[in-house]
Amino acid sequence: MEQNNDTQNRRSRRSNVLLAASIEASGAVNRVKLRNLSTEGALIEGKDLPVEGSEVLFRRNDLSVKGRIAWVDGGHAGVSFKEPILQEDVLCNIPSPKYRVPLNYRRPGLAVQKLTADEMRRAEIWAWTPGREVLGE
């Protein structure tokens with residue numbers, strides 16, 4: 001699906017998602033993937049999508065909105081809502097991002113650090129335990 005600058009100039013901001021949704025057209029319910037959502041429409045992906053111009057009922061969790069299929073291109077379709085939905089309804093259908101612990105990709109330092117008394121004692125016990133090979137032999 002080719003997207004040029006004309007299709008990217010939207011009246012409302014779209015939030016990219018990958019969520020389960022459904023559309024109902026002519027009494028048949030079709031499960032689809034919701035690819036993006038805004039106050040005025042949605043991008044859906046699925047099989048056996050209704051033809052362009054079909055009246056549909058879009059459903060996602062508690063959100064239920066009447067609309068029509070604005071365009072169809074292969075397994076993707078644009079749904080234009082009859083009435084704009086509230087921004088709060090859009091946001092409650094978009095999960096908040098999960099916190100990710102920032103990774104620290106640093107090399108270990110090359111400076112030698114002094115061992116504590118306990119670490120020194122354990123090292124000596126390990127080094128002098130019988131049955132261990134002596135380093136360098």
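Starting from 1, each residue takes its place in the sequence as its number.
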Please tabulate, for the side chains in residues 19-30, all donor-acceptor contacts under 3.5 angstrom to protein atoms that are two or more places apart in sequence or on a different chain.
| from | atom 1 | to | atom 2 | distance (Å) |
| --- | --- | --- | --- | --- |
| N30 | ND2 | K47 | O | 2.9 |
| N30 | ND2 | D48 | O | 3.1 |

Do K33 and L18 have side-chain heavy atoms sitting under 4.5 Å apart? yes

Are L49 and I69 side-chain neighbours, meaning at least one heavy-atom pair lies under 4.5 Å? no

Residue pairs involving [range] (criterion ring pair (Phe, Tyr, Trp, His ring centres under 6.0 Å); sequence neighbours excluded):
{"range": "residues 26-56", "result": "none"}
{"range": "residues 22-53", "result": "none"}
{"range": "residues 27-68", "result": "F58-F81"}
{"range": "residues 18-51", "result": "none"}

Any side chain to side chain donor-acceptor pair (under 3.5 Å) pairs touching residues 116-125, not counting sequence neighbours? T116-E119, D118-R121, D118-R122

Qualifying side chain to side chain donor-acceptor pair (under 3.5 Å) pairs with a residue from residues 49-59, counting only residues at least two apart or across chains: E55-K82

Where do H76 and L43 land on the side-chain contact (heavy atoms from CB on, under 4.5 Å) test, with the steps shown first? CA-CA 7 Å; H76 293 86; L43 170 64; 4.2 Å; yes

Shortest non-hydrogen contact between [X] and [Y], atoms and distance:
{"X": "I44", "Y": "V79", "answer": "CD1-CG2, 3.8 Å"}
{"X": "V65", "Y": "E83", "answer": "CG1-O, 4.3 Å"}
{"X": "A42", "Y": "L37", "answer": "CB-CD1, 4.0 Å"}
{"X": "L63", "Y": "I85", "answer": "CD2-CD1, 4.0 Å"}

Go through the structure and list residues passing side chain to side chain donor-acceptor pair (under 3.5 Å) with R35, not counting sequence neighbours. E45

Whichever hydrophobic residues join Y99 through chains of side-chain contacts under 4.5 Å: V101

Among all residues two or more places apart in sequence or in another chain, which pass the side-chain contact (heavy atoms from CB on, under 4.5 Å) test with A123? none

